[in-house]
> 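Here you go, one structure.
Note on naming: letters A, B, ... go to the chains in the order of the sequence lines (proteins, then strands), and numbering restarts at 1 for each one. All of these numbers come straight from a predicted model, not from anything done at the bench.
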Amino acid sequence: MAVARDLLGRVLVSDAGGERVAGRIVEVEAYRSSGDPASHAFRGRTPRNAVMFGPPGHAYVYFTYGMHHCVNLVCEPEGRAAAVLIRALEPLEGLDALRRRRSRDDMRSLLRGPGCVAQGLALSREHDGADLARGPLRVLPGGGRRRGERVRRGPRIGIRHGLEWAWRFWFADDEYVSGPRRSSQAERAGRVPR
DNA sequence: GTATCGATTAGC
DNA sequence: CTAATCGATACA
């Protein structure tokens with residue numbers, strides 16, 4: 001939880017795909033190690049989620065809906081499977097590569113949404129388990145909140161269980177955030193999964 | 001073995 | 001709003 005919040009504002013750099021792309025984290029979701037029915041780790045360790053149970057500081061990349069990848073950062077010690085899903089970034093570097101990979105020009109469409117983030121950073125299952133200290137994906141030191149920037153929190157998006165926990169964090173009114181971004185209230189009034 | 005459903009997205 | 005598309009999961 002604390003890690004998720006702290007990741008907001010930090011810069012994520014990816015050299016995957018042969019070109020450097022960087023973005024500032026503006027939206028994340030926390031998935032807890034135990035008792036979280038929305039987490040992939042809820043029913044225990046499987047080949048797919050194994051990395052979540054490993055040491056922190058590694059990427060957990062999964063494939064979903066038959067076509068999208070999503071990127072998480074594993075953040076708790078070995079044995080406890082907690083991770084932070086990176087939902088949106090503000091594009092900072094590698095705009096040409098981003099526009100090509102995403103087949104879009106609009107800045108706001110490049111890295112908004114978890115599937116878009118993975119596509120923009122050229123990350124897929126082969127990067128599952130990548131060491132953030134050595135691999136192509138890194139989190140730069142520093143960053144954080146800009147002057148006057150507010151952090152908001154609300155229920156996670158696209159899940160059926162665990163909606164009672166406000167474990168999605170984002171920068172208020174940030175144009176690069178996916179989904180509702182004004183307030184937690186707007187979030188609650190918004191879409192309800194099925 | 002078959003059926004169902006996603007931590008989603010793009011397009012109508 | 002729905003199709004797309006396939007691995008993981010549930011269940012017989």
Side-chain angles (χ1 to χ4, degrees), chain A residues 1 3-5 7-8 12 21 23 25-54 56 58-76 80-91 98-130 137 152-170 175-181 184 187-194:
Chain A
M1 220 64 40
V3 176
R5 239 191 110 97
L7 279 171
L8 284 180
L12 204 53
V21 162
I25 301 173
V26 297
E27 181 187 359
V28 297
E29 279 177 1
Y31 286 84
R32 283 210 343 192
S33 54
S34 65
D36 180 0
S39 171
H40 288 168
F42 186 58
R43 289 163 210 287
R45 183 179 185 136
T46 66
R48 177 214 213 184
N49 66 22
V51 169
M52 286 183 85
F53 290 82
H58 290 249
Y60 163 47
V61 183
Y62 66 87
F63 181 63
T64 190
Y65 286 99
M67 62 189 85
H68 302 297
H69 290 273
C70 295
V71 183
N72 295 252
L73 306 187
V74 176
C75 56
E76 282 194 23
R80 276 188 294 162
V84 174
L85 172 70
I86 306 299
R87 288 196 58 92
L89 305 175
E90 169 189 340
L98 280 173
R99 292 196 166 104
R100 193 177 336 111
R101 291 170 181 170
R102 297 273 307 116
S103 306
R104 268 164 183 71
D105 275 357
D106 179 23
M107 284 285 286
R108 287 161 306 185
S109 305
L110 299 180
L111 296 169
R112 187 169 59 182
C116 302
V117 168
Q119 189 176 39
L121 301 191
L123 298 171
S124 58
R125 273 298 274 175
E126 67 191 272
H127 301 100
D128 185 43
L137 182 67
R152 290 210 180 275
R153 63 185 294 173
R156 294 168 292 181
I157 292 176
I159 58 173
R160 302 164 67 117
H161 306 292
L163 286 168
E164 62 271 35
W165 298 302
W167 292 341
R168 170 181 176 239
F169 300 87
W170 69 95
E175 64 178 328
Y176 298 107
V177 168
S178 75
R181 53 196 163 84
S184 298
E187 171 75 17
R188 287 176 202 291
R191 64 174 96 156
V192 175
R194 283 186 221 207

> Once you round it to whole Å, what is the distance between C1' of dA4(C) and OH of Y65(A)?
12 Å
> Who passes salt bridge (Lys or Arg N to Asp or Glu O under 4.0 Å) against D105(A), sequence neighbours left out?
none
> What is the distance, rounded to the nearest whole Å, between atom CZ of R168(A) and atom C1' of dA7(B)?
12 Å
> Atom OH of Y62(A) and atom C1' of dT9(B): how far apart are they, to the nearest Å?
13 Å
> Does R32(A) have any side-chain contact (heavy atoms from CB on, under 4.5 Å) partners at least two apart in sequence or in another chain, and if so, which?
M1(A), D36(A), W167(A)
> Heavy atoms from C-beta onward define the side chain here; which of dA7(B), dG11(B), dT9(B) lies closest to that of R104(A)?
dG11(B)
> What is the separation between atom CZ on R87(A) and atom P on dT9(B), rounded to the nearest whole Å?
6 Å
> Encode nucleotides 7-12 of chain C as B, S and - characters from 5' to 3', where the letter depends on protein heavy atoms closer than 4.0 Å: B to the base, S only to sugar-phosphate, - to neither.
--SS--
> Checking R102(A) side chain against L98(A) main chain: does a donor-acceptor pair fall under 3.5 Å?
no
> Without decimals, in angstroms, what is the distance between D105(A) CG and dA10(B) P?
14 Å
> Just compare dT9(B), dA7(B), dG11(B) and give me whichever is closest to any side-chain atom of L85(A).
dA7(B)
> Restricting to ring pair (Phe, Tyr, Trp, His ring centres under 6.0 Å), what partner residues turn up for H68(A), sequence neighbours left out?
none
> Can you check the I157(A) CD1 to dT9(B) C1' distance for me, whole Å?
13 Å
> Determine yes or no for a side-chain-to-main-chain donor-acceptor pair under 3.5 angstrom, with E29(A) supplying the side chain and I157(A) the backbone.
yes
> Does R80(A) have any salt bridge (Lys or Arg N to Asp or Glu O under 4.0 Å) partners at least two apart in sequence or in another chain, and if so, which?
E76(A)
> Would you sketch DNA chain C in dot-bracket for me? Only Watson-Crick or G-U wobble pairs with both distances under 3.5 Å count, crossing pairs as [ ], other-strand pairs as |, the rest as dots.
||||.||||||.
> Quick one: which residue pairs count as a salt bridge (charged side-chain N to carboxylate O under 4.0 Å, His left out) with a foot in residues 113-127 of chain A, not counting sequence neighbours?
R125(A)-D128(A)
> Taking 4.0 Å as the cut-off, does a side-chain nitrogen or oxygen of R32(A) come that near to OP1 or OP2 on dA7(B)?
no
> How would you list, by chain and number, every residue that makes a salt bridge (Lys or Arg N to Asp or Glu O under 4.0 Å) with R45(A), sequence neighbours excluded?
none
> Can you tell me the distance, in whole Å, between the CZ atom of R108(A) and the C1' atom of dA10(B)?
16 Å
> To the nearest angstrom, how far is R112(A) atom CZ from dT8(B) atom P?
15 Å
> Counting side-chain heavy atoms from CB outward, which of dT5(C), dT8(B), dA10(B) is closest to M67(A)?
dT5(C)
> Applying ring pair (Phe, Tyr, Trp, His ring centres under 6.0 Å), can you list everything that pairs with Y62(A), at least two apart in sequence or on another chain?
H40(A), Y60(A)
